[in-house]
Number of protein chains: 2
Amino acid sequence: MEVLSEAIAAKGLRRSRQRDAIARTFFVMGGHVPVEALVEAVRRQEPGVSVATVYRTMKLLADVGLAVPRDFGDGRARYEAAHRRHAHSHDHLVCTGCGRIAEFESHQIEALQRRLARRHGFEVERRHVELYGRCAGCRAAGKGADAA
Amino acid sequence: MEVLSEAIAAKGLRRSRQRDAIARTFFVMGGHVPVEALVEAVRRQEPGVSVATVYRTMKLLADVGLAVPRDFGDGRARYEAAHRRHAHSHDHLVCTGCGRIAEFESHQIEALQRRLARRHGFEVERRHVELYGRCAGCRAAGKGADAA
DNA sequence: TCCATATTGATAGTGATTCTCAATAACCGA
DNA sequence: TCGGTTATTGAGAATCACTATCAATATGGA
């Protein structure tokens with residue numbers, strides 16, 4: 001939150017009740033927050049907040065580096081707090097049954113990818129890695145390969 | 001194209017001038033074709049084809065396994081012919097400067113991912129891997145990290 | 001050729017996100 | 001503390017890509 005104030009000040013922007021509420025709620029929620037869910041949560045604190053403001057604020061947090069946009073292919077934007085756990089990027093496992101998300105990190109994979117990219121002349125700036133599959137629970141529940 | 005006829009027949013579906021034109025055009029175009037571009041190209045052959053039909057046909061090709069949907073995060077769907085090059089999945093390098101796309105494949109990376117997924121109880125069904133960065137050309141052109 | 005029905009095209013509808021713009025509220029200085 | 005400049009907000013319209021609807025049409029087998 002302090003980083004946010006500083007970033008806002010540094011850009012000649014202003015704080016606001018809404019902005020604070022959105023950021024605070026977002027960081028408290030944790031995980032991979034769909035904007036829609038964030039709107040709902042924020043409104044429990046600040047009833048009038050509009051979706052536009054939430055979208056705007058999350059984009060701001062992303063610009064400042066405090067949030068990372070995630071896209072799990074279901075058509076709605078999610079954000080994840082940037083400080084969580086590792087300094088480096090981590091990849092995601094998305095359960096196609098229950099939607100549960102697990103994270104993992106592998107310097108080895110990253111190194112391999114970087115190397116292969118270089119071989120094609122590319123310098124990697126951003127990675128987008130998700131593996132979709134069934135978590136243990138859903139497999140145990142006997143849900144077929146396509147949801148029951 | 002033969003595979004397509006068979007698949008269509010096997011499903012009790014019918015061929016049509018539009019379907020043929022769309023499939024043929026798609027395979028001729030090659031690469032990672034945005035639906036929008038495909039519509040344009042097809043209409044040079046069959047002027048009246050509607051976007052709905054193109055979307056429907058591409059979904060059909062995907063169902064049948066002849067096309068693979070790709071999502072490069074720019075909000076429009078692309079399809080890639082499934083037969084191209086490798087039998088297995090390949091990953092993509094997307095240049096943030098010129099949009100050029102390179103492909104690479106690494107059994108080692110796939111194996112590592114599968115192993116890490118298992119460690120979290122996941123069984124991988126589908127992978128979604130793109131690396132965004134600058135290709136050699138764009139870096140040489142001195143375009144800064146954010147397009148000039 | 002005829003018919004049952006798969007397919008199509010035009011368009012309305014969706015769902016998520018962004019834009020517009022007048023009203024409001026933050027910050028800064030006096 | 002008060003004011004003024006101007007960033008921010010909220011409501012709803014607008015976009016954008018894609019899907020559903022449905023009457024008209026075309027396909028493939030009998």
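Within every chain, numbering begins at 1; the chains are lettered A, B, ... in the order of the sequence lines, protein sequences first and strands thereafter.
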Report, one line per pair, each donor and acceptor closer than 3.5 Å where one atom sits in a side chain of residues 61-71 of chain B; sequence neighbours left out.
| from | atom 1 | to | atom 2 | distance (Å) |
| --- | --- | --- | --- | --- |
| B:Arg70 | NE | B:Glu80 | OE1 | 2.7 |
| B:Arg70 | NH2 | B:Glu80 | OE1 | 3.3 |
| B:Asp71 | OD1 | B:Gly73 | N | 2.7 |

- prompt: Which residue, B:Gly12 or B:Ala52, contacts DNA chain C at a nucleotide closer to its 5' end, judged by nearest heavy atom?
  reply: B:Gly12

For A:Arg14, side-chain contact (heavy atoms from CB on, under 4.5 Å) partners two or more places apart: none

statement: From CD of B:Glu46 across to C1' of C:dG9 the rounded distance in Å is 13 Å

- prompt: With A:Phe72, which residues qualify under ring-ring contact (aromatic ring centres under 6.0 Å, His included), at least two apart?
  reply: A:His32, A:His92

Tabulated below should be each protein N or O lying under 3.5 Å from an N or O of nucleotides 24-27 of chain C; please produce it.
| from | atom 1 | to | atom 2 | distance (Å) |
| --- | --- | --- | --- | --- |
| C:dA26 | O3' | A:Arg15 | O | 3.3 |
| C:dA26 | N3 | A:Arg14 | NH1 | 2.9 |
| C:dC27 | OP1 | A:Arg15 | N | 3.0 |

task: Describe the nucleic acid contact of B:Val51 in one word from base, sugar-phosphate, nothing, applying a heavy-atom distance below 4.0 Å.
output: nothing

query: Do the rings of A:Phe26 and A:Tyr79 sit parallel, tilted or perpendicular, given the 30° and 60° boundaries?
result: perpendicular

query: By salt bridge (Lys or Arg N to Asp or Glu O under 4.0 Å), which residues pair with B:Arg56, not counting sequence neighbours?
result: none

field: Partners meeting salt bridge (Lys or Arg N to Asp or Glu O under 4.0 Å) with A:Arg100 (sequence neighbours left out)
entry: none

Compile the donor-acceptor pairs under 3.5 Å between side chains in residues 2-12 of chain A and protein atoms, sequence neighbours left out, one pair per line.
| from | atom 1 | to | atom 2 | distance (Å) |
| --- | --- | --- | --- | --- |
| A:Ser5 | OG | A:Met1 | O | 3.0 |
| A:Ser5 | OG | A:Arg15 | NH1 | 3.2 |

field: Residues from residues 55-79 of chain B lying under 4.0 Å of DNA chain C - heavy atoms
entry: B:Arg56

- prompt: salt bridge (Lys or Arg N to Asp or Glu O under 4.0 Å) with B:Glu40: which residues, sequence neighbours excluded?
  reply: none

